[in-house]
Amino acid sequence: MKKNILLTCFCISILYAKSQSIESELYRPQFHFSPKEKWMNDPNGMVYHKGVYHLFYQYYPDSTVWGPMHWGHATSKDMLHWQHQPVALYPDSLGYIFSGSAVVDVNNTAGFGKGAMVAIFTHHNPKGERAKRIDFQNQSIAYSLDDGKTWTKYAGNPVLKNPGIVDFRDPKVMWFEKENKWVMTLATKDRITFYSSPDLKNWSKESEFGETLGAHGGVWECPDLFPLNLNGKKVWVLLVSINPGGPNGGSATQYFIGDFDGKTFTPFETETKWMDYGTDNYAGVTFSNTADRRILMGWMSNWQYAQVVPTKNWRSAMTIPRELYLKEVNKKIFLASKPVKEFDKMLVKSTTVSNISIKNSYNLSSKLNTTGSRFQLSLTDITANDFSIVLSNKKGDELVIGYNKAANQYYIDRTKSGVIDFETGFAKKHTAPRLSSSKTISLTLVADVASVELFADDGLTVMTDIFFPKQVYTTITIRSSKGVTVKKLTYTGVRTIYGK
Ligand code: FRU
């Protein structure tokens, strides 16, 4: 009898454990990176080293809300299937470990060893902050001689002391080949300050940028500076995240296009441009050491509501990794992005429909053998007239992604998307300008169970939004009261990274 009870308990606990598996948790992204449990924000220290992508991230392992920051760590061969690794950096007597970057010190400039991985991050001292000192954020370094497994903080930290600026953080470091030096791009309150160093330990100020340029609705954070090719010419891109003050409220990332000579960044144009017009792509920066590829991942949330979103055991995810490139429209240069080519390997079972005429409503789900809540949907050469793509469920929740011709805007409307009452500003319609001048519209949607990423006009206009339906969306409808034609529609399922 006792044995039977024990056996029953054992079976129940196995069943319970099974039903609690990560992949079955409500709103758990199925192909986006998310921490196993607890709080995550910005991606940090992203670097490619010996065939492995490293993702570190702002992490608080004791709660599902923000707290003393650590660097969580995960590794991957394709930026989609990630292996969780032990925490890489813990808070210490100098403070919490805030955002930063990582490089591979190929020439052993720092003397830690040839090919050492070096992390450059902000030490944020909570005691100094509480005491209302202004110098509580300083830059420090740590190194790893075993390919990122274990990290040693440099004994001479901090390597760049605060000169008296309250917001002094998020160092992004790159090797500036032409002058054999490291360049640090640092967010310093309402501007960017560039520093340089021969050895990652001694830093000299080079210049400042942006006090009177770009958006200033909030503090500047998490910058990145990198070159991209445009018709054989090297053009520099400066990313600057800002919170609040984004185009649709809360956190967002603006960018500047220009020239960088190792000392000064000179923008070509002064208008404010946004890398992503949705509300859920923040603090995005690019991987170091990826040769001629430039790959970005962002934090798929927004400080406006990140700490109250209705997920239970963990909070937030990263965007899909995106390849960045430049596009010219009417003599202006824009930053465009698309999912990395590795994502194609995640695609399964595609259905193509050609030459569709839509008047009022087209139930795409009825044309497909399967509809799931994970898919990539590409529409090619749509008449540039009002239309929308509606994801919905039987509970009456719907997420509407569309184009408004009169305003020449794309939009994502999540006012009726499901659970919306956790924060007053969440249930909104977000808009983004259409920048392309081509006659017809082509776009790709990448949808996971709780997020959608819209890449319109070859990634010239991008929007990322999260949502929390009461039940997963299973129906896709395309609507157009004015009528549109679509030359080609391709629907593809997306594999889960959890092995099913
Ligand atoms: C951006 C940010 C950074 C900071 C980190 C703290 O989201 O505020 O500026 O380093 O988060 O977690």
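Because the structure is a prediction, the values reported are computed rather than measured. Atoms within a ligand are numbered from 1 in the order they appear, just like the ligands themselves.
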**Complete:** Among non-hydrogen protein atoms, atom 8 (O) of ligand 1 lies closest to E221 OE2, 2.9 Å
**Asked** Is it true that the side chains of N202 and S197 contain a donor and an acceptor less than 3.5 Å apart?
**Response** no
**Request:** Check the side chains of N138 and D135 for a donor-acceptor pair under 3.5 angstrom, ignoring hydrogens and angles.
**Result:** no
**Per-atom contacts of ligand 1 with M69, taking only distances under 4.0 Å to non-hydrogen atoms** = 12 (O)
**Message:** Under 3.5 Å between any N/O of W299 and any N/O of ligand 1: does that happen in this structure?
**Reply:** no
**Prompt:** Backbone, side chain, both or neither: what part of W303 comes under 4.0 angstrom of ligand 1, heavy atoms only?
**Reply:** side chain
**Item:** atom 12 (O) of ligand 1: nearest protein contact (heavy atom, Å)
**Value:** Q58 OE1, 2.6 Å
**Prompt:** Going by the atom numbers of ligand 1, which of them fall below 4.0 Å from some non-hydrogen atom of R169?
**Reply:** 3 (C), 4 (C), 9 (O), 10 (O)
**Atom indices of ligand 1 within 4.0 angstrom of S99 heavy atoms, with elements** = 5 (C), 10 (O)
**Asked** Is there a donor in the side chain of Q254 and an acceptor in the side chain of T272, or the other way round, less than 3.5 Å apart?
**Response** no
**Protein residue, atom and distance nearest to atom 10 (O) of ligand 1, heavy-atom basis** = D170 OD1, 2.6 Å
**Fill in**
ligand 1 to F98, heavy atom cutoff 4.0 Å, flagged ligand atoms 4 (C), 6 (C), 10 (O)
**Prompt:** Judged by modelled atom types alone, do S301 and S316 share a side-chain donor-acceptor pair under 3.5 Å?
**Reply:** no
**Message:** Applying a heavy-atom cut-off of 4.0 Å, say which part of N41 lies close to ligand 1: side chain, backbone, both or neither.
**Reply:** side chain
**Request:** Report yes if Y282 has an N/O atom closer than 3.5 Å to an N/O atom of ligand 1; otherwise report no.
**Result:** no
**Asked** So which of V400, V452, T279, D397 actually passes side chain to side chain contact (heavy atoms under 4.5 Å, CB included) with R414?
**Response** T279
**Asked** Between the side chains of Q30 and R374, does any donor sit under 3.5 Å from an acceptor?
**Response** no
**Message:** More than 12 heavy atoms of other residues, nucleotides or ligands under 6.0 Å from CZ of R293: yes or no?
**Reply:** yes
**Request:** State, without any angle test, whether D199 and T109 hold a side-chain donor-acceptor pair at a distance under 3.5 Å.
**Result:** no
**Asked** Considering only protein heavy atoms, which is closest to atom 2 (C) of ligand 1, and at what distance to one decimal place?
**Response** D42 OD2, 3.4 Å
